[in-house]
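Just so it is clear, the values below take in all heavy atoms, side chains as well, and ignore hydrogens, waters and symmetry mates. A, B, ... follow the sequence lines: proteins, then strands. Residue 1 opens every chain.
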Protein chains: 2
Amino acid sequence: MEISHTEENYLKAIFKISERKGKPASTNAISKAMETSAASVTDMVKRLSEKELIHYERYRGATLTENGARIATHLIRKHRLWEVFLVNNLHFSWDEVHEIAEQLEHIKSPQLVERLDEFLGNPKFDPHGDPIPDADGNFTFRKQALLSDLGEGETGAVVGVQDHTTAFLQYLDRMQLVLGTRIEVLERFEYDESVKVKISGEREQLLSKKVSQNLFIQREAV
Amino acid sequence: MEISHTEENYLKAIFKISERKGKPASTNAISKAMETSAASVTDMVKRLSEKELIHYERYRGATLTENGARIATHLIRKHRLWEVFLVNNLHFSWDEVHEIAEQLEHIKSPQLVERLDEFLGNPKFDPHGDPIPDADGNFTFRKQALLSDLGEGETGAVVGVQDHTTAFLQYLDRMQLVLGTRIEVLERFEYDESVKVKISGEREQLLSKKVSQNLFIQREAV
DNA sequence: AATAAATTTTAGCAAAGTCTTAAAAAAGAC
DNA sequence: GTCTTTTTTAAGACTTTGCTAAAATTTATT
């Protein structure tokens, strides 16, 4: 059964929405993600339902079938592997790779993905710290917290971002906050929920509430 | 101006046909290459002509405009660069890469191509020995002959194939005739135009007319 | 040059894929 | 239980690409 690029993108959107919300993806949520009208979404979910890629009941939203989930995670796998390639081998920065990977993820060749994975050394996380599912669709889970959840004195390493916008990623670049950077929470200011941190054990920096709520940290024993 | 994948493939076909024949690509030739009806081709060439990607006059065939040629050579550049990547880095064999490269060549990102080129070490030829045009669309020209053109006693190296079919490529693999292999013509048999050669200075092998007419050789001073 | 054969174009139509607006129906909020 | 929001239906449109059959044109043959 042929699946178009658009259909694939719908599946990915439904996957992400229903995962984030912990419940079926609503028509409105999908239409927002896909930047299209609610009516178009209803059309599409009917088609995806007929192809048995999603479970769909009128007014109840959509969840992926086993088959649909397999396709969606495989897309995410491809997307993230290509991002690793683009950053590690072609020296793109982490804010430039999304659009290109968005195209590359639609290349159809089972062999290609597995060989790419091997070539890259079977990475478990992409350049933004997001987990790369394995060929069976299993994600590596990592215990991580937002910087905003760390108490004074706690230390950890930057392992990912919640906000994937170019603006945020470029901001982090300017702050030299790349994946793996060590961070120690020196002081928390209740007034504006900003936080003073020590970066790489070298320099002190004040980070805003917004930044601290979008940076994933893996705690370290001190 | 948006150009669809199909349109891009037509441009490539027109490029190859008019280059090979040294004159405009006829409707029939295009329809054969694209595996579609002549009527569909007429439809498409009209559209390409309106977009000023080809010169087209009724009953006269099609040639590429400067713009069309730029797009076509760029597609060929992308195709061949990806083939190099697939063979050199992902360890595909030369008969497996065409279909995948056929997809990859449609990825749109000027930066990607240039970085890929650099990553691969600016290769001038693809795994089948075909020249890779540079960013300006210039092909490296190489003085090469068909094995069938070599006289007894002449030596050279395998530098390319004319026939790109899987069958031929796999046949060459079995004969251990890869790019760069040295070949000496020992004897030519007029009867069936077969030729006895010495491969890599080691083993003797009889090659058929068909094989010798599809293998490009670069002559060597003996 | 006239005729036959081959090629190419035109005309008309079709199907997939995706989207839209406007109105109706259902669900959720107060 | 009414009001608001969400979702669906209905009807259709548009693009892209393709097809067949018949007409027009070019090329080849006698």
Exercise for the section: Could you tell me whether the phosphate oxygens of D:dT7, OP1 or OP2, come under 4.0 Å of any side-chain nitrogen or oxygen in A:Tyr56? Expected result: no
Practice task
May I ask you to evaluate whether A:Thr6 reaches the phosphate of C:dG17, defined as a side-chain N or O under 4.0 Å from OP1 or OP2?
Solution key: no
Handout entry: Heavy-atom donor-acceptor pair, B:Arg77 side chain to B:Pro133 backbone, under 3.5 Å
Key = yes
Handout entry: Test: A:Lys12 and A:Glu102 ion pair at under 4.0 Å
Key = yes
Practice task
Would you indicate, yes or no, if D:dT5 has its OP1 or OP2 atom less than 4.0 angstrom from a side-chain nitrogen or oxygen of A:Tyr59?
Solution key: no
Practice task
Could you tell me whether a side-chain N or O of A:Lys78 sits under 3.5 Å from a main-chain N or O of A:Ile107, the two making a donor and an acceptor?
Solution key: yes
Exercise for the section: Taking only the side-chain nitrogens and oxygens of A:Ser40, find out if one of them lies under 4.0 Å from OP1 or OP2 of C:dT18. Expected result: no
Handout entry: Phosphate OP1/OP2 of D:dT26 contacted by B:Arg58 side-chain N/O (<4.0 Å)
Key = no
Handout entry: Whole angstrom value for the distance that separates C1' of C:dT7 from CG of B:Asn28
Key = 6 Å
Problem - Phosphate OP1/OP2 of C:dC19: any A:Ser37 side-chain N/O under 4.0 Å - result: no
Exercise for the section: Report the distance from atom NZ of A:Lys23 to atom P of C:dA27, rounded to the nearest whole Å. Expected result: 16 Å
Practice task
Decide yes or no on side-chain contact (heavy atoms from CB on, under 4.5 Å) for A:Asp130 and A:Ile76, but give the supporting numbers first.
Solution key: CA-CA 10 Å; A:Asp130 297 315; A:Ile76 291 170; over 6 Å; no
Fill in the blank from the handout: Between CG of B:Asp43 and P of C:dA15 the distance, given in whole Å, is 17 Å
Practice task
Specify the separation, in whole Å, of atom CE of B:Met44 and atom P of D:dC19.
Solution key: 12 Å
Problem - Nearest-Å distance for atom pair CZ/P, residues B:Arg60 and C:dT7 - result: 16 Å
Practice task
Please work out if A:Thr42 contacts a base, only the sugar-phosphate, or nothing of the nucleic acid, heavy-atom cut-off 4.0 Å.
Solution key: base
Practice task
Compute the ring centroids of A:His98 and A:His79, then answer whether they are less than 6.0 Å apart.
Solution key: yes
Practice task
Provide, to the nearest angstrom, the distance between the CD1 atom belonging to A:Ile3 and the P atom belonging to C:dA16.
Solution key: 17 Å
Problem - Touch class at under 4.0 angstrom, heavy-atom based, for B:Thr27 against every strand present - result: sugar-phosphate
Handout entry: Length of the CG-C1' vector between B:Leu48 and C:dT9, whole Å
Key = 16 Å
Practice task
Specify the residue among B:Ser26 and A:Glu7 whose closest nucleotide of DNA chain C lies further upstream toward the 5′ end.
Solution key: B:Ser26
Practice task
To the nearest Å, give me how far apart NZ (A:Lys46) and C1' (C:dA16) are.
Solution key: 17 Å
Exercise for the section: Determine the contact category for A:Thr36: base if any of its heavy atoms lies under 4.0 Å from a base atom, sugar-phosphate if only primed atoms, P, OP1 or OP2 are that close, otherwise nothing. Expected result: sugar-phosphate
Handout entry: Of the listed nucleotides D:dA10, C:dA11, C:dA27, the one nearest the side chain of B:Ala39
Key = C:dA11
